[in-house]
Amino acid sequence: MEPRLNLYNSPVIAKSLKYFASASRTLIKESSLPKTIQDLVMLRASQINGCGYCTDAHSKDLAHAGQSATRVNLVAAWRESTVFTDAERAALELTEQGTRIADGAGGITDEAWADAEKHFDEEQLSALMCFIAFINSSNRFGVLNRTPGGSYTPGDFG
């Protein structure tokens with residue numbers, strides 16, 4: 001399986017993607033949201049959206065950061081597992097609700113938001129929303145372009 005396009009062949013598209021990647025990297029590096037939660041959020045949205053490349057990248061990033069295979073493998077079934085903290089569960093719930101907007105779920109419920117507020121301050125909640133939005137956008141690039149998973153190596157993005 002090969003990607004449909006090399007999006008970097010167009011100077012305009014390459015420039016736009018560079019800005020998108022820069023915004024994502026700033027959020028990753030400067031947010032006070034714990035790195036593990038960042039990666040769990042990005043993995044769960046990628047699984048829901050069926051993005052092979054992003055699922056590959058974020059599962060490998062979690063493993064590379066020392067997360068157990070059990071935790072990485074159970075992200076897809078986080079509700080039925082005991083290996084996630086209450087804060088991680090709240091973030092995963094926001095991720096699912098924020099990702100499944102098109103399913104008619106109506107976005108994030110007041111209950112899910114109130115639960116997240118117990119674990120995260122305003123800056124972290126803002127970052128969490130940005131992570132959910134950015135990864136969903138990234139997933140669209142991967143799915144629309146049929147970018148295959150399997151070739152990612154932790155550290156590829158610097």
(request) Identify, with sequence neighbours excluded, every residue that meets side chain to side chain contact (heavy atoms under 4.5 Å, CB included) alongside Phe20. (result) Ser24, Phe134, Ser137, Ser138, Phe141
(message) Quick check: do Asn139 and Tyr53 have side-chain heavy atoms less than 4.5 Å from each other?
(response) no
(request) Mark yes or no for whether Gln124, through its side chain, and Asp121, through its backbone, hold a donor-acceptor pair below 3.5 Å. (result) yes
(request) To the nearest 0.5 angstrom, please state how far the CG atom of Asn6 sits from the CG atom of Asn9. (result) 4.0 Å
(message) Using a 3.5 Å distance criterion without hydrogens, assess whether the side chain of Ser81 forms a donor-acceptor pair with backbone atoms of Val83.
(response) no
(request) Output all residues satisfying ring pair (Phe, Tyr, Trp, His ring centres under 6.0 Å) with Phe84, sequence neighbours left out; order by chain, then residue number. (result) none
(request) Measure the CD1-CD1 distance between Ile48 and Ile135 for me, rounded to the nearest 0.5 Å. (result) 11.0 Å
(message) I want to check something: taking the side chain as every heavy atom from C-beta on, are Arg146 and Pro3 in contact at a cut-off of under 4.5 Å?
(response) no
(message) If hydrophobic clusters are built from ILVMFWY residues whose side chains come within less than 4.5 Å, do Val72 and Leu92 share one?
(response) yes
(request) Return the set of residues passing salt bridge (Lys or Arg N to Asp or Glu O under 4.0 Å) with Lys35 (not counting sequence neighbours), or none when no residue passes. (result) Asp39
(request) Salt-bridge test for Arg71 and Glu88: reply yes if a basic N is under 4.0 Å from a carboxylate O, no otherwise. (result) yes
(message) Side-chain heavy atoms nearer than 4.5 Å, only ILVMFWY residues, links allowed to pass through others: does that put Met129 and Ile37 together?
(response) yes
(message) Going by the rule salt bridge (Lys or Arg N to Asp or Glu O under 4.0 Å), which residues pair with Asp56 if we only count those two or more places apart in sequence or in a different chain?
(response) Lys60
(message) Could you measure the distance from the CG atom of Leu74 to the OG1 atom of Thr82? Nearest 0.5 Å is fine.
(response) 8.0 Å
(request) Please name the pair of heavy atoms, one in Ala57 and one in Tyr152, separated by the smallest distance, quoted to 0.1 Å. (result) CA-CD2, 3.3 Å
(request) Indicate the atoms forming the closest heavy-atom contact of Gly50 with Val143, along with that distance. (result) O-CG2, 3.8 Å
(message) Less than 4.5 Å apart, side chain to side chain, heavy atoms only: is that true for Arg140 and Asn49?
(response) yes
(message) For Asp110, give me all partners under side chain to side chain contact (heavy atoms under 4.5 Å, CB included), at least two apart in sequence or on another chain.
(response) none
(request) Using atom types as modelled and distance alone, determine if a side-chain donor or acceptor of Gln38 lies under 3.5 Å from a backbone N or O of Leu33. (result) yes
(message) Would you say Leu125 ends up clustered with Leu40 if hydrophobic residues are merged whenever their side chains have heavy atoms under 4.5 Å apart, either directly or through other cluster members?
(response) no
Identify each donor-acceptor pair in which a side-chain atom of residues 94-108 lies under 3.5 Å from a protein atom, sequence neighbours left out, and give them as a table.
unit_1 : atom_1 : unit_2 : atom_2 : d
Thr95  : OG1    : Ala91  : O      : 2.8
Glu96  : OE1    : Arg79  : NH1    : 2.7
Glu96  : OE1    : Arg79  : NH2    : 3.2
Glu96  : OE2    : Arg44  : NE     : 2.7
Glu96  : OE2    : Arg44  : NH2    : 3.1
Glu96  : OE2    : Trp78  : NE1    : 2.7
Gln97  : OE1    : Thr109 : N      : 2.7
Gln97  : OE1    : Thr109 : OG1    : 3.4
Gln97  : NE2    : Glu93  : OE2    : 2.6
Thr99  : OG1    : Thr95  : O      : 2.7
Thr99  : OG1    : Asn136 : ND2    : 3.1

(request) For Ala90 and His119, work out which heavy atoms get closest and say how close. (result) CB-CD2, 3.8 Å
(message) Please report the interatomic distance CG(Leu62) to OG(Ser68), rounded to the nearest 0.5 Å.
(response) 9.5 Å
(message) Side-chain heavy atoms nearer than 4.5 Å, only ILVMFWY residues, links allowed to pass through others: does that put Leu128 and Ile28 together?
(response) yes
(message) Nearest 0.5 Å, please: how far is CZ in Arg89 from CG in Asp115?
(response) 9.5 Å
(request) Find the distance between OG (Ser59) and CD (Gln47) and round it off to the nearest 0.5 Å. (result) 8.0 Å
